[in-house]
Amino acid sequence: AMCAQTAPSNIYAAGASWNQNASPQIAGSALYARAVSDSTYAFTVVDVLPTTMKPITVTTQFGAGVAQKVLTINGVRIYVPTSAGVSYNGQNTGWAWSTGGMAVATISGNWRIMPNVRVVKSSVSNGTGYQLIAGVMFGWGQ
């Protein structure tokens with residue numbers, strides 16, 4: 001019989017995502033999340049989004065936010081993570097925020113797979129506006 005799994009109190013995760021508006025179309029993300037209740041995490045996240053290839057420019061975003069569990073499907077928890085923070089690109093510094101959806105499923109032991117789709121907005125993203133990024137993170141939590 002399967003036992004109900006409790007959510008880990010700390011999660012460390014990193015991964016890659018695809019961003020159709022970037023060149024190259026790949027971005028990197030990392031996060032640390034700490035449970036503040038059974039269904040809510042406080043988290044910090046960093047996203048590294050390539051903006052142009054030649055010359056290569058990168059928009060880096062550091063944010064803090066809250067991820068709220070909205071439902072559980074067959075043991076897979078679905079969260080809505082929303083964050084806000086600082087964004088910079090070269091000499092430009094501004095703000096950034098993101099929201100979206102993330103599933104958290106146990107792979108084995110403390111390891112998790114976390115597919116996600118997020119909308120990211122930065123004030124210094126060279127006019128690229130809202131960016132949709134879809135990706136997967138791998139995390140370790142306990």
Side-chain angles (χ1 to χ4, degrees), residues 1-53 56-142:
M2 284 187 60
C3 58
Q5 299 217 354
T6 58
S9 56
N10 293 283
I11 296 177
Y12 304 87
S17 55
W18 173 75
N19 175 352
Q20 67 180 8
N21 296 321
S23 178
Q25 293 183 326
I26 191 156
S29 300
L31 69 78
Y32 165 70
R34 178 154 183 82
V36 293
S37 77
D38 187 46
S39 61
T40 306
Y41 282 89
F43 70 93
T44 55
V45 62
V46 59
D47 291 302
V48 179
L49 306 162
T51 309
T52 59
M53 192 69 168
I56 184 137
T57 60
V58 173
T59 301
T60 304
Q61 300 174 178
F62 289 94
V66 173
Q68 182 66 46
K69 184 174 78 170
V70 289
L71 69 146
T72 303
I73 303 169
N74 292 334
V76 177
R77 293 176 191 84
I78 309 297
Y79 292 88
V80 173
T82 302
S83 68
V86 175
S87 179
Y88 63 89
N89 177 333
Q91 299 299 314
N92 301 321
T93 302
W95 54 266
W97 69 262
S98 71
T99 190
M102 175 178 282
V104 179
T106 301
I107 301 172
S108 173
N110 292 336
W111 291 97
R112 308 284 194 276
I113 186 167
M114 302 157 64
N116 60 88
V117 176
R118 293 165 51 224
V119 174
V120 178
K121 174 67 174 161
S122 166
S123 65
V124 297
S125 57
N126 291 345
T128 51
Y130 296 91
Q131 298 192 55
L132 181 67
I133 57 174
V136 64
M137 290 187 178
F138 293 94
W140 186 86
Q142 75 173 55

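If you read the sequence from its start, that first residue is 1, and numbering goes on from there.
Note on ring orientation: taking the six-membered ring where Trp is involved, the planes of Tyr41 and Tyr79 are perpendicular (angle over 60°, cut-offs 30° and 60°).
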Give the intermediate values and the outcome of side chain to side chain contact (heavy atoms under 4.5 Å, CB included) for residues Val80 and Thr99.
-> CA-CA 7 Å; Val80 173; Thr99 190; 3.9 Å; yes
Given side chain to side chain contact (heavy atoms under 4.5 Å, CB included), test Met137 with Ile11 step by step and report yes or no.
-> CA-CA 11 Å; Met137 290 187 178; Ile11 296 177; over 6 Å; no
Check step by step if side chain to side chain contact (heavy atoms under 4.5 Å, CB included) holds for Ser98 and Gln61.
-> CA-CA 10 Å; Ser98 71; Gln61 300 174 178; 5.7 Å; no
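Looking at every heavy atom in both residues, Trp95 comes nearest to Ser87 through O-CB, 3.6 Å. Shown here for Gly94 and Ser123, the closest heavy-atom pair between the two residues is CA-OG, 3.3 Å. Of all non-hydrogen atoms in Asn89 and Thr59, the two that sit nearest each other are ND2-OG1, 3.1 Å.
Looking at heavy atoms from C-beta onward, Asn110 lies out of side-chain contact with Pro8 at the 4.5 angstrom threshold. Considering only heavy atoms from C-beta on, Ile113 comes within 4.5 Å of Phe138 through its side chain. Considering only heavy atoms from C-beta on, Met102 comes within 4.5 Å of Leu31 through its side chain. A 4.5 Å side-chain heavy-atom check between Asn10 and Trp140 finds every atom pair outside the cut-off.
Between Gln68 and the options Ser37, Ser39, Pro81, a side chain to side chain contact (heavy atoms under 4.5 Å, CB included) holds for only Ser39.
Here the straight-line distance linking atom OG1 of Thr60 with atom CG of Asp47 works out to 9.0 Å at 0.5 Å rounding. Expressed to the nearest 0.5 Å, how far CE of Met114 lies from OG of Ser29 amounts to 10.5 Å. Expressed to the nearest 0.5 Å, how far CH2 of Trp97 lies from OG1 of Thr82 amounts to 8.0 Å. Tyr12 OH to Arg34 CZ: the interatomic distance, rounded to the nearest 0.5 Å, is 8.0 Å.
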